[in-house]
Amino acid sequence: MGRGVVADFGLSELFSGLCHTDTLDPFPVWRDGAISPCFNQLVLGALAHSVVAVFSACYLSALHKITRHKLEHSGPHIVPTSLTILSFCITQMQPPPVLSPVGERSYTSMSVNDADSSLLIPESSYQDTGEVVAEDGSSFISHLMYLWLNPLLRRGRRGELEKPCNVYLLPRRLRTSAVRPVEEVGLLKVLHKAFGLRYYLLGVLKLAGNMLSFAGPLLLSSLVQYMKEEGAPISQGAWCATGLFFSTFFSALIRNIFAFEVSKVSLSARAALISAIYGKALRVSGGSLAARFTLGEVVNFMSTDTDHVINFFNSFHEVWSLPFQFSIALYLLYLQVGVAFLGGLGVALLLVPLIKVLASKIMENNKHMLTHKDSRVRLMTEVLFGIRVIKFYNWEAYFAQKIADCRRQELSHLKAIKYLDAVCVYTWGSLPIVISIITFVTYVLLGNELTAAKVFTALALVGMLIVPLNSFPWVVNGTLEAKVSLDRIQLFLKLPNQDLDAYFSHGRCDTIVMSQAWKSWGLPSYHSKDVVFFFLVRQGSLVVVVGKVGCGKSSLLAAITGELNRRGGDVYVQGREDGFGLAAQEPWIQHATVRDNILFGKDYNSSFYQAVVEACALTDDLNILPNGDRTEVGENGVTLSGGQKARLALARAVYMEKDIFLLDDPLAAVDSDVAHHLMERCIMGILRSKTRILCTHRIEFVDKADVVILMDNGTIIKTGSELWPYESSLSRGEQKAVGGLAWKVYHTYWRAVGGALAVSILLSLLLMQASKNVSDWWLSHWISNLRNNGSAQSVLMPAYSSPHLLLFSPGGLMYPVNIMETTAFANMSSEVKFYLTVYGSIAGANTVFTAFRAFLFAFGGIRAASVVHNRLLDTVLKATVTFFDTTPLGRILNRFSSDLYSVDDTLPFFLNILLTNIFGLLGMLVVMSYGLPWFLVALLPLGLLYHRTQHFYRHTSRDLKRLCSLTLSPVYSHFSETLSGLGTIRASSSASRFEEENERRLEQNQRCLFLSNAAMQWLDIRLQMIGVVVVTGISVIAVFQHQFKSIDPGLVGLSLSYALSSTGLLSGLIFNFTQTEMQLVSVERTEEYSTTLPTEPQHSNPQVPTSWPEQGWVEFRGAVLSYREGLPNALDGVSLVVRPGEKVGVVGRTGSGKSTLFLALFRMVELNQGQILLDGVDTSQVGLAQLRSKLAIIPQDPFLFSGTVRENLDPCGHHPDSRLLEALEHCHLSPVINRIGGLGAEVGEQGKSLSLGQRQLLCLARALLTEANILCIDEATASVDQKTDKLLQQTIREKFQDKTVLTIAHRISTIMDSDRVLVMHSGKVVEFDTPADLCQRDDSIFCKLVGGRGE
């Protein structure tokens, strides 16, 4: 039976099983208009390997024979072929153990499908390129010519690369998970250990490529020499042409492999660096991080600094390669012109000190520019964080000026860099001609004769000499930039980590024990806060911590989680490894859905989830959200009210199911009945069996505590069960632009540079290139005349026809000359003078045009950078609040950091090279067509092929660049979000999950980057091949024309010396064109914001008197407002009148529309219908600046920016210091401000050196300084203890006695003495009367609130 089954199983079954095909057609060759995958892999894939194997075996066995033959007998392709095979071997090397793939299975070279590592993929697997692993499993030929990329390029041409998931997966060894982040040791050593061996071996390819590049000029010399010899055998020319073909072919191949492999190593290093920086941020000690770096700086480490370090991977091999190329070129030049080369070399060497000075100046300016860029990005981050408050206070102009000042300083250094670069460009641009002139003049003066072979070989060698000289400053600059950035990252990685094992003590039985623990935040000396704690917490108890503002309550919780520096004493926390459920005082909300925020990475448990939502009083809020708990909340929860954010953060903490919960004033931002609900149903309900430490100012809940802790000035002054002493004393995803860059993007940049200036730049480029081509043609003309004159002179002086009599003869004058000879020599000498004078004049003009082009371009680039930034900033600051609510901060910041960096630096750099390449290519085509008219026959098909190739490539390249930008924003925004919520992430032991999320986002970006690099090399190899065809074609045409005696060796030499540079020029042209297009995407992105953002109306109304509103009369008439289309109305037909000087309290549960009243009053969001009148004037008819400058507000979220106390109180400098000090005194802040250093003291990033309550008091002091007749207070004292709150209410009553005051409050006591109380519910006015009248009514909502406040 068994044998029968085996017998039935034939070849057809075997093939159908392997190929996943029908047994009737088991091995299809052609399917659906293409070669079937099965045939492709089994036959064609194996064929390439078989050929290589046979070839290698033959090659190795015959190697010792081949080496005995001369190059002309064996052909010039043997060594390059072996190098190509060697290069393939190097590229296939596995990464060293330091970066070994994690849990990687062994796989065959044919394995393509990542999911199952199957050898053959069913046809359906090719339908989605997102399923295919890039490069892995492709054949040798496919590797060399990037054939594995063709399906992706075809898909890109069809416009189907819309999402990151459409691109290939990364090869296994480049996966982010396969790269271990570097440890906190010397960064350079780790990079060396991880990537060194494979990277250094690539130097072999670099060396081979360099050696082959010198074969061109030598073969050119042989070919021109052959042209001069009439009757020379055609085989000699054929060997020269063949040699040119093989040398250019293999040189192109090896250079291409080298570039791609270096890009792979740098990609792995980038993953390692970004992962290391992210991992370090999660582990670094909180105090040391805050003391040394700001959020903007740390984000810059991941973006700009990492880019600088990675760019060094491209520079390193150039550091040794350029001097090597220079030396070889000099030696070959010496062989051509003897010691005459020293003249040109002397000029080049004189420039070395200049290079050094320029490099150091560029480096110094670059360092300063980065510092100012950090400052600008940091300031911009703060502005975007506090944009609502800035608009409330009408401070846009002040901050625009402040950012403009930072930008001006940044641009002053950029200007210095660009002008120094222009000096470099001018120097290197004019150097080839200067060196050529000096070399040839010296050669002639030494009594030698110029020949076509010598001139054009020397010209080609001078061109090769210039490449290392030209590149070296950039390489040095890139190396120095990398060094600065490496040091900056190293400084960050050397910060001390949180050492929780050393921080916490061991072996106690209580849940939390602290004894004489001295803590410090580790901030600068005048901000440092030492706190002393001594207490013990039993398991399952409720500890309530109370104390006035700034007494150290939040510090106590930070001490428990390990965020402070312990200087002594003991801290013991049972089960701390499991983490804490932390609800921070400033709720940290992720840019995700409500459900994702609550789950925080845990699995969804329906019953427990519903219990948590109900316990945290979120049920009603979720019902009114458009998509319930699937509604996406903005970054930092900007689309939620303060109370909703607090309860969402509390729900997240509760859902974590930890044993210890640290709750930092979650009851502050909610009204009285919600606070009771949270206390009863959440803290005393769902968490009743847990250990809870609650910091609060609501002393009505103190009686529920097992232990009460009273704090003052960083010290626990009392613990017990009572506290009498204290009592008595959303958004859409970012859209990727599709299709080609619109012409308006080019037009935008043209306008930014300035039309007249742009035309001047193009004109100077044209003249520069024309003068260079004319100077080369003049040399050719000179040599042709020299030959003719030489033959004429032979006829004139038969008796003295010896070549020794010529000035150009190698032997010089050997015989006495007669008068006739002297006259002839004098005539010849004057002719030489004429040729030299014309040549020198053309060269001089060329240097002038080069100088014009260099400096005009630098000026144009700086001007464009300034214009683009100013337009972007102006529009963003004028954008509506809705835009900021629905757009992640990282996305806007990306425009101001990465995109602006492109516009400032990268775009001008590539555009400069591109324009030079375009004019260079045009000049080359003109000269070659003039020298060899037959070349025009080949030009048309080559031109069509060139156009088609680059057109095919550009679609995909452009989309990949856009996807790179699109996938980069989530990496940065996730990093910014992580830094903001570091306390919550670490306290909940979620760091590893966040690292995985960073890895996932980084992998998406790396996929797009890798394929962008691969596409570039796909194009490069094809363009290089076109260049090979051009060189071979010209040499073949020249050989054939020589046989028909119809050729001028001078013109052949000129054409071929141009053709040799054609490969570099062709690939350089499209590479720089694509790079320029890629960088212009940044202009497109900034232009998108500059022109399409919804902006606030900027008109003003001259009829409104400056004293308006004098009375303070506020009237709402049928006001209806919704934040966005599709969302429910936040105000639903509100009509009310507030009389002049009236004090109105506003109450209602969270989300009832209280804060929206203020937003509508300030026109932060425009009404859908209805009116708001101030003193009878419709606010919609008044200019926004006029309106907001006449109103005062103390917002719900206290906003402070980096700067002094003085700047935060009065940014525009309207008030004297005495007035500022008086305002601080009234707000009971004087002792705190004096302690940190007075009005000139720095408040830290976002006011971090002050507690939340102190920040709210500072915002109140701002309001006291305004002269407005209408004041809006939005829960301004929610984070203030009740004693301070009473004092503040007294201050507000006295200072705003005659003003209209609207107060939103959650503490009923705050508004009990109001003239009237407004009760809001679901966007409607439900009650509006005096507190006394409302308390008389049994059905009054306000009456129930008063009854339930527990006071």
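For this chain, numbers begin at 1 and follow the sequence in order.
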Check whether any side-chain heavy atom of Leu1229 lies under 4.5 Å from a side-chain heavy atom of Leu1260, and answer yes or no.
no

Would you call the rings of Phe1199 and Phe1201 parallel, tilted or perpendicular, taking 30° and 60° as the class edges?
tilted

Find the distance between NZ (Lys391) and CD (Glu1096) and round it off to the nearest 0.5 Å.
3.5 Å

State plainly whether the residues Asp374 and Arg488 are in salt-bridge range, i.e. N to O under 4.0 Å.
yes

What is the ring orientation for Trp588 with Phe994, classed by angle as parallel under 30°, tilted 30 to 60°, or perpendicular over 60°?
tilted

For Asp904 and Glu410, work out which heavy atoms get closest and say how close.
OD2-OE2, 3.8 Å

Would you say Arg1262's side chain and Asn1208's backbone share a donor-acceptor pair under 3.5 angstrom?
yes

Report yes or no: does Tyr393 contribute a side-chain atom to a donor-acceptor pair with the main-chain N or O of Ile1193 at less than 3.5 Å?
yes

So Phe293 and Phe301, would you call those rings parallel, tilted or perpendicular, with 30° and 60° as cut-offs?
perpendicular

Answer whether the closest heavy-atom distance between the side chains of Val1205 and Val1243 falls below 4.5 Å.
yes

What distance separates Arg408 CZ from Ser412 OG, expressed to the nearest 0.5 Å?
10.0 Å

Would you call Asn894 and Tyr972 a side-chain contact if the rule is heavy atoms closer than 4.5 Å?
yes

Locate the shortest heavy-atom distance separating Leu694 from Pro666; write the atom from each residue and the value.
CD1-CD, 3.6 Å

Side chains of Lys878 and Leu1093 in contact at under 4.5 Å (non-hydrogen atoms)
no

Is it the case that the side chain of Lys1154 and the backbone of Val1146 share a donor-acceptor pair, with hydrogens and angles ignored and the cut-off at 3.5 Å?
no

Could you tell me whether the side chain of Arg388 reaches within less than 4.5 Å of the side chain of Leu1159, counting heavy atoms only?
yes

Go through the side-chain N and O atoms of Ser1155 and Asp1274 and say whether any donor and acceptor fall under 3.5 Å apart.
yes

Please check this pair: side chain of Arg1206 against backbone of Gly1213, looking for a donor-acceptor N/O pair closer than 3.5 Å.
no

How close do Asn300 and Lys373 get, heavy atom to heavy atom, and via which atoms?
OD1-CE, 4.4 Å

Taking Lys553 for the side chain and His697 for the main chain, is one N or O donor matched with an acceptor at less than 3.5 Å?
no

Search all heavy atoms of Arg698 against all heavy atoms of Val670 and return the closest pair with its distance.
NH2-O, 2.6 Å

Of all heavy-atom pairs linking Arg376 and Cys406, the shortest is CB-CB, 4.0 Å

State, to 0.1 Å, how close Thr561 and Ala987 come at their nearest heavy-atom pair, and which atoms those are.
CG2-CB, 3.9 Å

Is there a donor-acceptor contact under 3.5 Å from the side chain of Glu977 to the main chain of His591?
yes

Side chains of His1215 and Leu1209: closer than 4.5 Å at any heavy-atom pair?
no

What's the separation between atom CG in Leu1264 and atom CD in Glu1225, rounded to the nearest 0.5 Å?
12.0 Å

Quick check: do Glu1242 and Thr1204 have side-chain heavy atoms less than 4.5 Å from each other?
yes

Looking just at side-chain N and O atoms, do Gln409 and Asp405 make a donor-acceptor pair shorter than 3.5 Å?
no

I need the Gln590 CD to Ser980 OG distance, nearest 0.5 Å.
10.5 Å

When rounded to the nearest 0.5 Å, the distance separating CD of Gln1186 from NZ of Lys1190 is 8.5 Å

Using only heavy-atom distances, determine whether the side chains of Asn1234 and Ser1230 contain a donor-acceptor pair under 3.5 Å.
no

Is the backbone of Val1232 close enough, under 3.5 Å, to the side chain of Gln1254 for a donor and an acceptor to pair up by distance?
no

Which value, rounded to the nearest 0.5 Å, describes the distance between Leu557 atom CG and Ile693 atom CD1?
6.5 Å

According to side-chain hydrogen bond (donor to acceptor under 3.5 Å, both in side chains), who are the partners of His974, at least two apart in sequence or on a separate chain?
Tyr278

Looking at side-chain heavy atoms only, is the closest gap between Leu1258 and Leu1224 below 4.5 Å?
yes

